[in-house]
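Reading through the structure tokens given below for one structure.
Since we're looking at a predicted model, the values are computed, not measured. So that the names make sense, note that chain A is the first sequence line, chain B the second, and so on, each numbered from 1.
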There are 2 protein chains.
Amino acid sequence: MQTRDMLDSIFETELRHLMLVSYVVLGNNAVTNRYIEKVYGMPVHAWSTLFAISMFPGIRAKEIKQLFPRPQNTISRAASLLDARGLIRQETSPTDAREKRLYITDKGAEILAEIRATSLERQEELFAPLDEAERETFFRLARKIADGPQLLTSRAMDPAGAETRERRDASA
Amino acid sequence: MQTRDMLDSIFETELRHLMLVSYVVLGNNAVTNRYIEKVYGMPVHAWSTLFAISMFPGIRAKEIKQLFPRPQNTISRAASLLDARGLIRQETSPTDAREKRLYITDKGAEILAEIRATSLERQEELFAPLDEAERETFFRLARKIADGPQLLTSRAMDPAGAETRERRDASA
DNA sequence: CGAAGATTGATCCATCTGGATGTATCTGGC
DNA sequence: GCCAGATACATCCAGATGGATCAATCTTCG
């Protein structure tokens with residue numbers, strides 16, 4: 001059986017929407033992560049963090065966490081790596097000594113511009129199969145999904161409710 | 001500045017398509033991965049692997065790799081974990097002793113049915129903001145992206161071409 | 001003011017990840 | 001049939017990941 005036919009079958013199951021989105025994103029991430037890692041020697045989350053800091057000078061780690069849904073320690077590490085390389089600087093907030101305000105440096109802005117340009121090329125590749133109207137439609141619908149209240153919290157997959165469930169497969 | 005306003009700003013940049021898709025998927029993955037990990041004690045790739053084996057009895061690891069774009073060793077590990085738990089069995093192919101044909105067991109089918117049901121609920125949550133027509137449009141457009149020739153290979157982010165580029169940020 | 005609790009970000013540690021390598025097997029050219 | 005190279009899958013290992021914990025600071029309220 002050909003790969004194409006198997007993919008068609010998967011995209012005909014009841015889980016086709018999840019499967020398709022997974023497929024696209026796994027594929028794209030493999031390309032992107034490898035590239036950022038190899039060329040810039042940093043995890044891909046470090047550059048998202050740099051992007052956020054560039055857009056919102058003085059942003060705090062906890063705010064970045066809400067823009068890119070990642071665990072808190074991921075942001076900590078990314079900030080510390082970017083700081084060590086002189087791409088950002090961290091200033092303790094004058095109003096709250098717990099907070100660190102993050103600012104991009106000139107060197108950081110230079111690197112970021114380069115990555116943004118490459119990412120734009122990548123975006124063009126990825127969305128090449130869609131014409132302009134289709135891209136806008138896709139974007140509009142994806143935006144609706146993103147704005148949905150259950151993207152980040154789930155009733156169906158609530159780990160708290162699941163704790164009562166038996167881990168029946170872990171017996172072997 | 002509110003989180004919502006910052007997200008709006010990000011989704012107005014030239015990279016809005018990539019950013020939006022990333023946002024949706026990072027958010028959803030966090031929910032899904034945590035749940036599968038916690039309730040079933042296995043990485044989420046293990047259940048994709050189980051799903052593929054269930055759909056295509058006798059499938060080989062290299063074929064699964066094409067259905068779910070992951071490195072080869074990820075599939076190896078998943079298969080070995082599923083085997084250890086008695087959810088699949090592996091048979092050496094009669095025509096090629098290098099290959100292992102993978103088959104789901106009754107126990108595996110039982111667990112899979114449960115996860116599929118939960119995943120379907122999750123899918124409903126995620127796509128709740130779209131009506132039926134919108135979902136079909138979204139699916140159709142995403143399918144076009146998936147079928148594009150540059151999902152898995154990139155010119156813009158080709159690590160080979162990048163090797164010549166200086167890792168200028170790694171100097172610190 | 002002082003103590004309890006909340007919040008921010010850093011760090012710890014067990015686990016996961018993926019590129020590289022290893023082992024077994026198969027294929028093609030001679 | 002034999003050897004070089006290709007292929008399938010397993011394993012290794014350095015580094016990434018994320019839940020849990022920790023230290024520092026702030027807030028609330030008596």
Measure the distance from CD1 on A/Ile36 to C1' on D/dA16 and round it to the nearest whole Å. 16 Å
Who are the side-chain hydrogen bond (donor to acceptor under 3.5 Å, both in side chains) partners of B/His45, not counting sequence neighbours? B/Arg70
Sugar-phosphate or base contact per nucleotide [nucleotides 4-10 of chain C; S, B, -; heavy atom under 4.0 Å]: ---BSBB
Going by distance alone, is a donor N or O of one side chain under 3.5 Å from an acceptor N or O of the other, for B/Asn28 and B/Arg122? yes
Rounded to whole angstroms, how far apart are CG on B/Leu26 and C1' on D/dT17? 13 Å
Rounded distance in Å - CG (B/Leu81) to C1' (C/dT17): 15 Å
Using the ring centroid of each side chain, check whether A/Phe138 and B/Phe138 are separated by less than 6.0 Å. yes
Less than 4.0 Å between a side-chain N and a carboxylate O, is that true for B/Arg101 and B/Glu91? no
Taking atom P of C/dG18 as reference, at what distance in whole Å does atom CZ of B/Phe68 sit? 15 Å
D/dT17 phosphate, OP1 or OP2, under 4.0 Å from A/Arg70 side-chain N/O: no
Under a 3.5 Å cutoff, is there a donor and acceptor pairing between the side chains of A/Glu114 and A/Tyr40? yes
Do the side chains of A/Arg4 and A/Asp8 get close enough for a salt bridge, i.e. N-O under 4.0 angstrom? no
Would you tell me if any nitrogen or oxygen in the side chain of A/Thr74 comes within less than 4.0 Å of OP1 or OP2 on D/dT17? no
Using whole Å, what does the distance between atom C1' of nucleotide D/dG19 and atom NZ of A/Lys65 come to? 12 Å
